[in-house]
Protein chains: 2
Amino acid sequence: MKIPVPGQPVRGSKTGQPIMALLDLLGRSWAMGIIWHLYSGPSTFRDLQDYCESISPNTLNTRLKELRECHLITRTMDGYSLTEQGVELFELLKPMGSWARHNWAKSFENDNQK
Amino acid sequence: MKIPVPGQPVRGSKTGQPIMALLDLLGRSWAMGIIWHLYSGPSTFRDLQDYCESISPNTLNTRLKELRECHLITRTMDGYSLTEQGVELFELLKPMGSWARHNWAKSFENDNQK
DNA sequence: AGCTTTGCTATTAAAATTATAGCATTATGA
DNA sequence: TCATAATGCTATAATTTTAATAGCAAAGCT
């Protein structure tokens, strides 16, 4: 799969609008999960495999490469970790966590009719 | 593909933590793009097809079903549109747009080495 | 009655993801 | 020092998603 770069054609935008490139990148399996997890600290490849219960090593490796080329993660002596930009992005993702818990999840409680 | 419901096993969480269910849902092709687009107003099925340049009708339909079952979009007389929750989620997604443009995209400008 | 728009379904092909095994380093430990 | 374990993967094949394309039924003009 082509790595989405702002300014170049990506899914959703022939001109590669940054937000579309970003959505393309993040909308791949496990991408956001990896970022989410790395915020709590650097992880080894195997840590990530454990965290992402059902990811295959191929996919994990592909995702890591993409995220690295897109400047969101990097390798350190302690394993993979977020770059400054990665942290910035996480900060934007973060509010989704509380919204999911406090608002979104609640709306499923009355889903027993159907 | 199983529709991710908070409280039930999803990719990334056997207990279905809300954020994981949300990331699973949004991390599917075009999901965030659809939400992004619908914020600008209700769209018909065909509008969405045009917007999501390369989506197939099957995938679009699948995604629409998922987003509907997860209370993020709904059908109105004008076509598909965001629910209140969908709007809330968009508001959380929105900052990513300016960050992508003003911060993230900039970091690619010096990527001509390699 | 014909033509268009809309919201799909069906079918097939291509691509992504998973599952599983396993290998080459580099510690670690006895 | 030699075995053992941890790490970061690659290879291969099976499965699942997604895309491409055609087309149809229902509703709305004209």
Peer 1: Which nucleotide in the set C:dA19, C:dG7, C:dC8 lies at the smallest distance from any side-chain heavy atom of B:Pro57?
Peer 2: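 Of the options given, the side chain of B:Pro57 lies nearest C:dC8.
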
Peer 1: Return no unless some side-chain N or O of A:Tyr80 is found under 4.0 Å from OP1 or OP2 of D:dT7.
Peer 2: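 Indeed not, no polar side-chain atom of A:Tyr80 lies that close.
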
Peer 1: Taking 4.0 Å as the cut-off, does a side-chain nitrogen or oxygen of A:Trp30 come that near to OP1 or OP2 on C:dT18?
Peer 2: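 A:Trp30 to C:dT18 OP1/OP2: side-chain N or O found under 4.0 Å.
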
Peer 1: Whole-Å distance between C:dC8 P and B:Ile55 CD1?
Peer 2: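 Spelled out: CD1 on B:Ile55 to P on C:dC8 is 13 Å.
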
Peer 1: Counting side-chain heavy atoms from C-beta on, which of D:dA19, C:dG7, C:dT18 comes nearest to A:Thr59?
Peer 2: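 So the nucleotide nearest the side chain must be C:dT18.
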
Peer 1: Closest to the A:Ser29 side chain: C:dT17, C:dT6, C:dG22?
Peer 2: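 Nearest to the side chain of A:Ser29 among the choices is C:dT17.
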
Peer 1: How long is the line joining CZ of A:Phe45 and P of C:dT26, in whole Å?
Peer 2: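 From A:Phe45 CZ to C:dT26 P: 18 Å.
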
Peer 1: B:Glu53 has an atom CD; how far is it from atom P of D:dA19, in whole Å?
Peer 2: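 Rounding to the nearest Å, CD of B:Glu53 and P of D:dA19 are 12 Å apart.
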
Peer 1: Could you give the CZ-to-P distance, from B:Arg28 to C:dT17, as a whole number of Å?
Peer 2: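 To the nearest whole Å, that distance equals 12 Å.
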
Peer 1: Rounded to whole Å, how long is the line connecting atom CG of A:Leu48 with atom P of D:dA6?
Peer 2: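 After rounding, the reported distance stands at 17 Å.
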
Peer 1: Give a yes/no answer on whether the side chain of B:Ser54 brings an N or O atom under 4.0 Å of OP1 or OP2 in D:dT18.
Peer 2: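 The answer is no; no side-chain N or O of B:Ser54 sits under 4.0 Å from OP1 or OP2.
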
Peer 1: Round to the nearest Å and state the distance from B:Glu66 atom CD to D:dT17 atom C1'.
Peer 2: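 So the two atoms are 11 Å apart, to the nearest Å.
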
Peer 1: With a 4.0 Å limit, can you tell me whether B:Ser56 has a side-chain N or O closer than that to the phosphate oxygens OP1/OP2 of D:dA20?
Peer 2: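 Answer is no, no contact under 4.0 Å.
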
Peer 1: Return no unless some side-chain N or O of A:Thr62 is found under 4.0 Å from OP1 or OP2 of C:dT17.
Peer 2: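 No.
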
Peer 1: Measuring only between side-chain heavy atoms, which start at C-beta, is A:Phe45 closer than 4.5 Å to A:Asn61?
Peer 2: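 They are in contact (side-chain heavy atoms under 4.5 Å apart), so the answer is yes.
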
Peer 1: Between B:Leu60 (CG) and D:dA20 (P), how many Å, whole number?
Peer 2: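 These atoms are roughly 13 Å apart.
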
Peer 1: Return the value, rounded to whole Å, for the distance between atom CG of A:Leu64 and atom P of C:dT17.
Peer 2: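 Atom CG in A:Leu64 sits about 13 Å away from atom P in C:dT17.
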
Peer 1: Determine: side-chain N/O of B:Arg63 to OP1/OP2 of D:dA19, distance under 4.0 Å, yes or no.
Peer 2: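 No.
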
Peer 1: Is the distance from OP1 or OP2 of D:dG8 to the nearest side-chain N or O of A:Asn61 less than 4.0 Å?
Peer 2: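 False: A:Asn61 side-chain N/O out of range (4.0 Å or more) of D:dG8 OP1/OP2.
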
Peer 1: Within the 4.5 Å heavy-atom criterion, are A:Ser81 and A:Leu38 side-chain neighbours or not?
Peer 2: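 The answer is no, as the side chains (C-beta and beyond) never meet within the 4.5 Å cut-off.
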
Peer 1: Taking OP1 and OP2 of C:dA16, is either one under 4.0 Å from a side-chain nitrogen or oxygen of A:Arg11?
Peer 2: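 So the side-chain polar atoms of A:Arg11 never come under 4.0 Å of the phosphate oxygens OP1 or OP2 of C:dA16.
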
Peer 1: Find out whether B:Glu53 and A:Pro9 are in side-chain contact, i.e. whether some heavy atom of one side chain is under 4.5 Å from a heavy atom of the other.
Peer 2: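 B:Glu53 vs A:Pro9: side chains apart.
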
Peer 1: Quick one: are A:Thr83 and A:Arg68 in side-chain contact, heavy atoms under 4.5 Å?
Peer 2: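 Answer no - side chains too far apart.
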
Peer 1: Is there a side-chain contact between A:Tyr51 and A:Trp36 (heavy atoms, below 4.5 Å)?
Peer 2: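 Answer yes - side chains close enough.
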
